[in-house]
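Notes follow once the structure below has been shown.
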Amino acid sequence: SGGAGALARWVLVELQGEVEPRQGGELPGSLLGDLHYTCEGIPVLIVGHHILYGKVVQLEKPFAVLVKQGGAPQPSPGGPQGHYTVTALIKTKLLFKTRPKPIITHVPKKV
Amino acid sequence: SLVIRGEKDEQAVLCSKDKTYDMKIADTSNMLLFIPGCKTPEQLNEDPKSCNIIHSQIAGFSNNYWELRRCRPKLKKLRKLLMEDPYEGPDRCKDQTLTFSRYTTEDLLSLIQASEEEILHQLQVIDACKIEGYWRILEFDYEMKLLNHVTQLIDSESWSLSKVPLRTCLEELGSLEPREMIEHILLSYGRRYVDDGEVYFEMHEDKICRAVAQMLLQNAVKFNLSEFQEVWQQSVPEGMTTRLDQLEGLALVDKSSRPETISLLKVEDLPEDNQERFNSLFSIREKWTEVDITPYIRDLCTEKQTVGALLTKYARCSMLNGVKVYNSRRPIS
């Protein structure tokens with residue numbers, strides 16, 4: 001519903017492996033990290049004390065984000081029995097597939 | 001808008017107004033995070049002033065997503081549903097009783113895994129008609145009865161096969177059959193056009209010959225080919241010429257038997273799934289030439305899969321008496 005121009009554009013961030021909350025915390029409401037772009041447009045993600053370098057990818061097959069609307073309490077026999085609304089389109093993803101590097105802030109002096 | 005269609009025992013498809021797509025769940029070991037407010041480097045470059053800290057929320061994450069792949073509409077079920085209760089004419093008492101095997105357009109839209117346009121197009125292809133709001137297919141004998149009325153009238157009036165007047169047909173035949181049925185049979189077997197304010201039909205010679213052949217072939221398992229060709233030519237309306245190529249996808253000629261024979265084999269009776277179709281064909285005949293098998297696999301073709309591609313995938317090629325033939329890749333029980 002609505003023209004393609006009316007749809008929000010979201011961005012996908014793809015990470016290898018799993019993201020875990022800090023000890024004792026939960027994912028919802030927690031801070032994932034900081035996202036930066038270098039002057040060349042390379043995305044850099046800082047998660048905890050790790051740094052990840054990624055790249056911007058234009059998706060060959062864009063995604064559509066569908067949100068399910070509450071189903072009718074009594075589904076009618078002929079009609080559709082559930083509605084999904086296209087909420088947003090995703091045409092770009094930030095792909096982080098290199099190994100996270102720990103950020104070392106204290107380098108021991110040479111003895 | 002898009003519709004997902006399928007019954008509990010079917011694999012879901014997604015339909016647009018005119019296309020059908022297979023739906024599959026794709027898994028990834030990566031984590032996909034969706035971020036509504038996230039900006040790309042291009043967007044940030046356009047507006048340098050906005051480069052302060054932007055707080056964005058991750059809307060959600062997932063390990064899987066639905067993938068769509070364009071597919072052939074699954075239309076075999078359409079014919080199957082309409083054949084549950086074919087229309088046999090107004091005289092039959094059967095038609096007065098209310099049965100549950102009757103389908104409106106809305107019913108078909110919720111039962112057939114295809115887009116609306118594909119469904120409506122197929123209804124036209126199979127010569128279905130709407131009777132009292134329900135889509136019906138004509139029972140073959142009744143269809144032939146209607147066709148006979150028309151061809152006999154064409155003969156007795158000495159009309160040209162390409163200029164059959166609707167008005168006179170309705171006048172002469174209206175006492176024998178419902179007017180809607182007369183018009184329907186003309187539409188099914190002819191091309192409608194208007195000349196000087198009057199409606200005419202240009203009759204489809206090939207389609208009429210084909211229907212007559214089906215009428216003859218369905219009464220026996222096999223026919224002597226030359227005998228059949230003689231009877232067939234005599235049975236079609238005056239002025240029409242029968243040719244074996246009119247029977248593609250309807251009948252199969254066996255050139256290896258002595259005498260040569262012909263039998264009924266309708267492509268619409270064969271399975272819809274590619275592998276099952278080939279299994280079925282190879283159990284009917286062990287080796288097929290490309291010319292013989294093509295009419296029976298043409299409906300499986302898509303943009304990406306031609307007849308050649310299908311044969312490469314589902315059959316094995318070999319030479320028999322200097323002719324290229326195809327047989328099954330696996331043993332058929």
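Each chain gets a letter, A, B and so on, in the order its sequence line appears, and its residues count up from 1.
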Heavy-atom proximity to chain B below 4.5 Å, by part of [X]:
| X | answer |
| --- | --- |
| A:Leu94 | side chain |
| A:Phe63 | side chain |
| A:Leu12 | both |
| A:Ile42 | neither |
| A:Lys97 | neither |

Criterion side-chain contact (heavy atoms from CB on, under 4.5 Å) against A:Leu15, the qualifying member of B:Leu32, B:Leu33, B:Asn30:
B:Leu33
Within a 6.0 Å radius of atom [atom1] on [X], are there more than 12 heavy atoms belonging to other residues, nucleotides or ligands?
| X | atom1 | result |
| --- | --- | --- |
| B:Gln275 | CD | yes |
| B:Glu268 | CD | yes |
| B:Glu272 | CD | yes |
| B:Arg298 | CZ | yes |
| A:His36 | NE2 | yes |
| B:Lys77 | NZ | yes |

Enter the distance from [X]:[atom1] to [Y]:[atom2] here, rounded to the nearest 0.5 Å.
| X | Y | atom1 | atom2 | value |
| --- | --- | --- | --- | --- |
| A:Tyr37 | B:Glu42 | OH | CD | 8.5 Å |
| A:Thr92 | B:Lys39 | OG1 | NZ | 12.5 Å |
| A:Glu14 | B:Phe34 | CD | CZ | 11.0 Å |
| A:Leu66 | B:Leu2 | CG | CG | 8.0 Å |
| B:Cys38 | A:Ile90 | SG | CD1 | 10.5 Å |

Show the nearest heavy-atom pair for residues A:Gly41 and B:Pro41, with the distance to one decimal.
O-CG, 3.4 Å
Residues of residues 66-74 of chain B under 4.5 Å from chain A (heavy atom pairs)?
B:Trp66, B:Leu68
By a 4.5 Å heavy-atom criterion (distance strictly below it), what part of B:Thr40 contacts chain A: side chain, backbone, both, or neither?
both
